[in-house]
Protein chains: 2
Amino acid sequence: MSNLREGLSRMDAGIARVGEMIPEAPQQEVRLTRLLLLVGGTLLGEVEAYLKPHGLNDSDFRTLMALYSSPDGATPSELCGFAQQGATNMTRIGNALVKAGLAARSHSAEDRRRILLNITPTGKRLVRKILPPLFPRVLGAYASLSAGDKRTLERLLRQVALNIDSLQSSDPSP
Amino acid sequence: MSNLREGLSRMDAGIARVGEMIPEAPQQEVRLTRLLLLVGGTLLGEVEAYLKPHGLNDSDFRTLMALYSSPDGATPSELCGFAQQGATNMTRIGNALVKAGLAARSHSAEDRRRILLNITPTGKRLVRKILPPLFPRVLGAYASLSAGDKRTLERLLRQVALNIDSLQSSDPSP
DNA sequence: AAGGAATAGTTCACTGGTGAAATATAACGG
DNA sequence: CCGTTATATTTCACCAGTGAACTATTCCTT
């Protein structure tokens, strides 16, 4: 059932096979990209599998966490920033959280275009309940990495992020 | 428009804010996980933005690449392995590729349960057309990394993958 | 104060992916 | 052979996320 391991070896084999037919292909970089996607996707799947029984998916959860750490509430637009979601989807997330009794909507008094979302006591209880068992899982993913390894990994990932940003700005798509 | 950079700083701020309220939270590991997800997702978005004008998404493309490197064709199940997709979705991908004239379906003679997919000349032409412009983009994401950095990144990501696998097997979900 | 641009949120139609059940064929044990 | 079991693919109903268009409100400029 060692799923990622198996998936990785299939991925490696496939990339090598394509690399034989197309020698110009930057194999290592393709491998890195696929690896990133595969690891990230699996990690996300793990987290969501844990959240599902509680009726949340990862973006619902990120939004709930943002509300948990916003004592004065937050507007959907602010939450979009934190949860890395578009406004459209934030509407759905808000609906879901309100329906589940985890958050409450209210209209802003100063700016009547704005909606304010606040976490409810039920929402706080849920966060305090589901968060602690999540920690060992997150830690487990990096268990075999030394402190230095983790710092290196973070540094390299941030570098890749910056590179992607420069790509985007220099390259307004053909 | 520096999107990832901005997203990252919002993410960092959010994690730090939660970390103040919940000191037991493993901040670095949470940061790493979110970073992985964010970078992976953006990278995927980049690739798909390039593929979209050609009528393909990333899993269509992975499947097409698998067919390109399979001179004798492949069954949907085999393609699932390469493209990291479920059988259900592979049916849809197959439909899409056939409809676009990039692949052809045929029934296997020995085992009549099986379907064989083969790339068409049109499909081969498309691969040879869209692949080369993709290379500089992939390379660009890792442009600021030294050869050693890339090897380190790959090593660390593979370690994380193995850790996740052991988590899964040791932890049959509560 | 009026008109137009900007902003906040929502709705709608669509894409992409999933799990469970259905269908068809093959393989196996007696 | 025959019934059971396993495998390959598809269908169906659903969930999550997106871009474009819409509504309501506020800001800005004269």
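Within every chain, numbering begins at 1; the chains are lettered A, B, ... in the order of the sequence lines, protein sequences first and strands thereafter.
At the phosphate of dG17(C), OP1 or OP2 sits under 4.0 Å from a side-chain N or O atom of S59(B). Contact check, R92(B) against dG17(C): a side-chain N or O comes under 4.0 Å of OP1 or OP2. Regarding contacts with the backbone of dA16(D), every side-chain N or O of N89(A) stays at 4.0 angstrom or more from both OP1 and OP2. Remark: Q85(B) is in phosphate contact with dT18(C), judged by side-chain N or O atoms under 4.0 Å from OP1 or OP2.
For the pair N95(A) CG and dT10(C) C1', the interatomic distance rounds to 9 Å; values are reported in whole Å. Atom CG in L116(B) sits roughly 13 Å away from atom P in dA8(D) (whole-Å rounding). For I93(B) and dG16(C), the CD1 to P distance is 10 Å, given to the nearest whole Å. Residue E110(A) contributes atom CD, which lies 10 Å from atom P of dT26(D) at whole-angstrom precision. Between the CG atom of L117(B) and the C1' atom of dT10(D) there is a distance of 13 Å, rounded to whole Å. Regarding N57(B), its CG atom lies at a distance of 17 Å from the P atom of dG17(D), rounded to whole Å. For the pair D58(A) CG and dC15(D) C1', the computed distance is 14 Å after rounding to whole Å. Between E48(A) atom CD and dG19(C) atom C1' there is a gap of 15 Å when expressed in whole angstrom units.
Between the side chains of N95(B) and R92(B), no donor-acceptor pair of N or O atoms lies under 3.5 Å. Between the side chains of R17(A) and S69(B), at least one donor N or O lies within less than 3.5 Å of an accepting N or O.
Looking at residues 97-107 of chain B, you'll see that no heavy atom sits under 4.0 Å from any atom of DNA chain C. Residues from residues 65-73 of chain B placing a heavy atom under 4.0 Å of any atom in DNA chain C do not occur.
Summarising the local packing, CZ of R151(A) is surrounded by 12 or fewer heavy atoms from other residues, nucleotides or ligands at distances under 6.0 Å. Within a 6.0 Å radius of CZ in R155(A), other residues, nucleotides and ligands contribute more than 12 heavy atoms.
With hydrogens and angles left out, the side chain of R113(B) and the base of dT9(D) share no donor-acceptor pair within 3.5 Å. Taking 3.5 Å as the limit, the base of dG17(C) and the side chain of T88(B) contain no donor-acceptor pair of atoms between them.
We find that E6(A) and R10(A) are joined by a salt bridge, their nearest charged nitrogen and carboxylate oxygen being less than 4.0 Å apart. Using a 4.0 Å cut-off between charged side-chain N and carboxylate O, R34(B) and D12(B) make no salt bridge. Using a 4.0 Å cut-off between charged side-chain N and carboxylate O, K150(A) and E154(A) make no salt bridge.
Closest of all the heavy-atom pairs between I119(B) and V127(B) is CD1-CG2, 4.3 Å. Contact between G101(A) and T120(A) at its shortest, heavy atoms only, is O-OG1, 2.6 Å.
Taking only side-chain atoms of R112(B), from C-beta outward, the nucleotide of dA8(C), dA26(C), dT9(D) with the closest atom is dA26(C). The side chain of S77(B) lies closest to dA8(D), out of dT7(C), dA8(D), dA26(C).
Nucleotides of DNA chain D nearest to I115(B) and K52(B) differ in position, and the one nearer the 5' end is that of I115(B).
Atom OG of residue S59(B) and atom CD of residue Q84(B) lie 11.5 Å apart, to the nearest 0.5 angstrom.
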